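The structure appears right after this line, and notes come after that.
The structure presented is a predicted model; accordingly, all values stated were derived computationally and were not measured. What you see below is based on every heavy atom in this structure, not just the backbone, and it leaves out hydrogens, waters and symmetry mates.
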Amino acid sequence: MSLTSSDLNEIRNIVESVVSNVVESVVSRQLDERLRPLQGEIEALRNDVKEIYGMIAELQSKIEPDSTFQKMTIEQKLLKLNTELLAAAKQAGISLPR
């Protein structure tokens, strides 16, 4: 019983397919093992970012814009901000340059 060229090609295709599946499985397993710790870190980072966004949203909702400040001219706004900055610096014991 001798194998034909067609038989050899079929055997070659089967072996290549099996080897390819085994290699793919091994590589996939190794990749999963390496990525598993990263997945936990990524999830933790995702949760931290969600928490930070929640904190920012909470802070923004607490800040009420001063309607009188919005109606001021640019010059009035700058003078008011300067006055408040100087007062804050004085409280902190900081000397601001002139």
For this session: Could you go through the side-chain contact (heavy atoms from CB on, under 4.5 Å) check for Q30 and V26 one step at a time?
Result: CA-CA 6 Å; Q30 288 175 344; V26 168; 3.9 Å; yes
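- Put simply, V15 and L8 are part of the same group of oily side chains (I, L, V, M, F, W, Y) that touch within less than 4.5 Å, one to the next.
- Contact check for V19 versus V22: no side-chain heavy atoms found under the 4.5 Å cut-off.
- Summarising the local packing, CG of L45 is surrounded by more than 12 heavy atoms from other residues, nucleotides or ligands at distances under 6.0 Å.
- Using a 4.5 Å cut-off between side-chain heavy atoms of Ile, Leu, Val, Met, Phe, Trp and Tyr, with links allowed through other members, I94 and L85 fall into the same hydrophobic cluster.
- Expressed to the nearest 0.5 Å, how far CG of D48 lies from CD of E43 amounts to 10.5 Å.
- In the model, S6 has no side-chain atom that pairs as donor or acceptor with a side-chain atom of N9 under 3.5 Å.
- In this structure, L35 shares a hydrophobic cluster with L31, L38, the cluster being traced through Ile, Leu, Val, Met, Phe, Trp and Tyr side chains under 4.5 angstrom apart.
- Look at R12 and E16 and you find no salt bridge, because none of the NZ, NE, NH1 or NH2 atoms lies under 4.0 Å from a carboxylate O.
- Counting only distance, with no hydrogens or angles, the side chain of Q76 and the backbone of T73 share a donor-acceptor pair below 3.5 Å.
- L78 and M72 are not part of a single hydrophobic cluster, where members link through side-chain heavy atoms under 4.5 Å apart.
- Interatomic distance, Q39 CD to R46 CZ, rounded to the nearest 0.5 Å: 10.0 Å.
- Note: L86 CG to S95 OG = 10.0 Å, rounded to the nearest 0.5 Å.
- Judged by distance alone, with hydrogens and angles left aside, the side-chain atoms of T83 form a donor-acceptor pair with the main-chain N or O of L79 at under 3.5 Å.
- For the pair K77 and F69, the cation-pi test (distance below 6.0 Å, angle within 45°) is passed.
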